[in-house]
Trainee: 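After the structure tokens below, expect a handful of questions from me.
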Amino acid sequence: MQSMVTHSRWRSAHLLSGLLLLLLPVAGVVASPWGDVARPNSGPARAIGGYSNGCIGGADALPETGPGYVSVRRYRNRYYGHPELLDFIRDLGRAQQRHGDRLMMVGDLSQPRGGLMSSSHRSHQIGLDVDIWFTLADSPANARDRMDKRGDPNSMVTPDGLGVSRYWTDDQRFLLETAARHPSVDRIFVNPPIKQALCRSARGDRGWLRKIRPWWGHDAHFHVRLVCPDDSPLCQSQAPVPPGDGCGRELAWWFSPEARKPSKKGGGRRVQPTFPAACRAVLKAP
């Protein structure tokens, strides 16, 4: 019993520290030099370092519109990524185009050369992360009006955080399942009730569910992360997603008091990871 309690406490501390490092808005950061860079550097595309501590060389820009998608909040200049990320977005957009008449709204990718953003993300640093909004748009103009001039779209989760809201439909489920089945995708972060809804509705092959990872936030958008590309030997992969569909005790924990109201006490001062040396050349390149 003591070992189970110890494991539970470790799990809570580990997940919370990961959240603060990975997904919460950047706190106490006045500016990041990476945000001052207006365009990518030349050369082949390379993802360098870890998702929350790295950069990307030779990034490509995502076009503002394409089949089935529209890129929003482009004034942030965060629409750059590795070519495999852009290919994934196009694949998902084409699937959405076949599925219905509305457009999926693509949020932040990375900055022109990746690196730490001054707000909103700890990850999205190596051109392999993208946020996809659950709400669909009727047209590019509708998307720009909705996203560039207003706050975030509707939440897919009820106010009590225990179930999905009335805005959750088969359209959102389709996007998530299609994204999770893509071979380039490593994992997708969603709010726990969304994972629960998928677990309850999935039929037949459930292998794609293991890529859907419950996490705090992510109720109005889902965060897609790709595997490290073969052309990027300096890209640092995450630990593999655990086996199974993730719909059992692992998911149940997210509805426990421990998960819903985690302690804010830190586990001591975190040691900042060493910044990849190769990124210094990417930042300074003309």
Side-chain angles (χ1 to χ4, degrees), residues 14-62 76-89 106-131 182-189 211 213 215 217-218 223-241 267 269-286:
H14 174 72
L15 288 170
L16 181 59
S17 64
L19 168 71
L20 295 176
L21 178 65
L22 176 65
L23 298 171
L24 282 181
V26 178
V29 177
V30 177
S32 167
W34 297 92
D36 297 330
V37 181
R39 61 183 182 276
N41 64 328
S42 59
R46 296 289 186 269
I48 302 169
Y51 299 93
S52 299
N53 185 46
C55 64
I56 178 170
D60 286 345
L62 179 72
R76 297 187 182 195
N77 203 29
R78 297 173 178 179
Y79 49 84
Y80 301 86
H82 189 279
E84 289 198 11
L85 181 62
L86 271 60
D87 285 344
F88 161 76
I89 293 170
V106 181
D108 289 349
L109 281 70
S110 291
Q111 297 175 135
R113 302 185 190 184
L116 179 65
M117 298 178 185
S118 61
S119 64
S120 302
H121 308 286
R122 287 283 185 180
S123 57
H124 290 253
Q125 292 197 31
I126 60 175
L128 297 175
D129 294 280
V130 60
D131 290 338
H182 197 283
S184 295
V185 171
D186 179 64
R187 63 195 73 202
I188 299 173
F189 299 104
K211 293 184 182 181
R213 311 307 298 170
W215 206 257
H218 298 83
H223 176 162
V224 180
R225 173 163 295 162
L226 302 194
V227 299
C228 284
D230 293 337
D231 64 14
S232 301
L234 296 181
C235 180
Q236 298 172 7
S237 301
Q238 280 191 262
V241 173
R269 185 175 181 178
R270 291 186 60 87
V271 177
Q272 287 295 108
T274 302
F275 193 67
C279 286
R280 303 185 192 281
V282 171
L283 181 61
K284 294 179 180 179

Trainee: Under the criterion side chain to side chain contact (heavy atoms under 4.5 Å, CB included), I'd like the reasoning laid out for Val282 against Trp34: C-alpha separation, chi angles, the key distance, then a yes or no.
Mentor: CA-CA 10 Å; Val282 171; Trp34 297 92; 4.2 Å; yes

Trainee: Within the distance-only criterion (no hydrogens, no angle test), does the side chain of Arg46 pair as donor or acceptor with the backbone N or O of Asp231 below 3.5 angstrom?
Mentor: yes

Trainee: Please round to the nearest 0.5 Å and tell me the distance separating atom CD1 of Ile126 and atom SG of Cys279.
Mentor: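 Rounded to the nearest 0.5 Å, the CD1-SG separation comes out at 9.0 Å.
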
Trainee: Once you round to the nearest 0.5 Å, how far does OG of Ser184 lie from NE2 of His82?
Mentor: 10.0 Å

Trainee: Can you check whether Ser237 reaches Val227 side chain to side chain, under 4.5 Å on heavy atoms?
Mentor: no

Trainee: Could you label the plane-to-plane angle of the His223 and Phe189 rings as parallel, tilted or perpendicular, counting under 30° as parallel and over 60° as perpendicular?
Mentor: perpendicular

Trainee: Under the 3.5 angstrom rule, does the side chain of His124 hit a backbone N or O of Leu109 as a donor-acceptor pair?
Mentor: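 Flag set: sc His124 to bb Leu109 pair under 3.5 Å.
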
Trainee: With rounding to the nearest 0.5 angstrom, report the OG to CG distance, Ser110 to Leu128.
Mentor: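 Between Ser110 OG and Leu128 CG, I get 7.5 Å after rounding to 0.5 Å.
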
Trainee: Quick one: CZ on Phe275 to CG on Leu283, what's the gap to the nearest 0.5 Å?
Mentor: 7.0 Å

Trainee: Charged N to carboxylate O below 4.0 Å: is that the case for Asp186 and Arg225?
Mentor: no

Trainee: Please walk me through it: do Asp60 and Tyr80 pass side chain to side chain contact (heavy atoms under 4.5 Å, CB included)?
Mentor: CA-CA 5 Å; Asp60 286 345; Tyr80 301 86; over 6 Å; no

Trainee: To the nearest 0.5 Å, what is the distance between CD1 (Ile56) and SG (Cys235)?
Mentor: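 Atom-to-atom, Ile56:CD1 and Cys235:SG are 9.5 Å apart.
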
Trainee: Ignoring hydrogens and angles, tell me if any N or O in the side chain of Asn53 forms a donor-acceptor pair with the backbone of Thr274 under 3.5 Å.
Mentor: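 Yes, Asn53 side chain to Thr274 backbone: donor-acceptor pair under 3.5 Å.
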
Trainee: Once side-chain hydrogen bond (donor to acceptor under 3.5 Å, both in side chains) is applied, do any residues pair with Arg78, and if so which ones, sequence neighbours excluded?
Mentor: Asp108, Ser119

Trainee: Donor-acceptor check, side chain of Tyr51 to backbone of Leu226, threshold 3.5 angstrom: yes or no?
Mentor: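 At least one qualifying donor-acceptor pair exists.
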
Trainee: Counting distance only, does the side-chain N/O of Gln125 pair as donor-acceptor with the main-chain N or O of Gly54 below 3.5 Å?
Mentor: yes

Trainee: Between Gly49 and Pro276, what is the shortest heavy-atom contact and its length?
Mentor: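 Of all heavy-atom pairs spanning Gly49 and Pro276, the closest is CA-CG, 3.8 Å.
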
Trainee: With rounding to the nearest 0.5 angstrom, report the CG to SG distance, Leu116 to Cys55.
Mentor: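 One gets 12.0 Å once the value is rounded to the nearest 0.5 Å.
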
Trainee: Output yes when a side-chain donor or acceptor of Arg113 lies under 3.5 Å from a complementary backbone atom of Ala285, and no otherwise.
Mentor: yes

Trainee: Considering only heavy atoms from C-beta outward, does the side chain of Val130 approach that of Phe88 to under 4.5 Å?
Mentor: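 Contact flag for Val130/Phe88 side chains = yes.
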
Trainee: Taking the side chain as everything from C-beta on, heavy atoms only, tell me whether Ile89 gets closer than 4.5 Å to Leu62.
Mentor: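 Ile89 vs Leu62: side chains touch.
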
Trainee: Given 3.5 Å as the limit, does a donor-acceptor pair link the side chain of Lys211 with the main chain of His182, or not?
Mentor: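 Answer holds: yes.
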
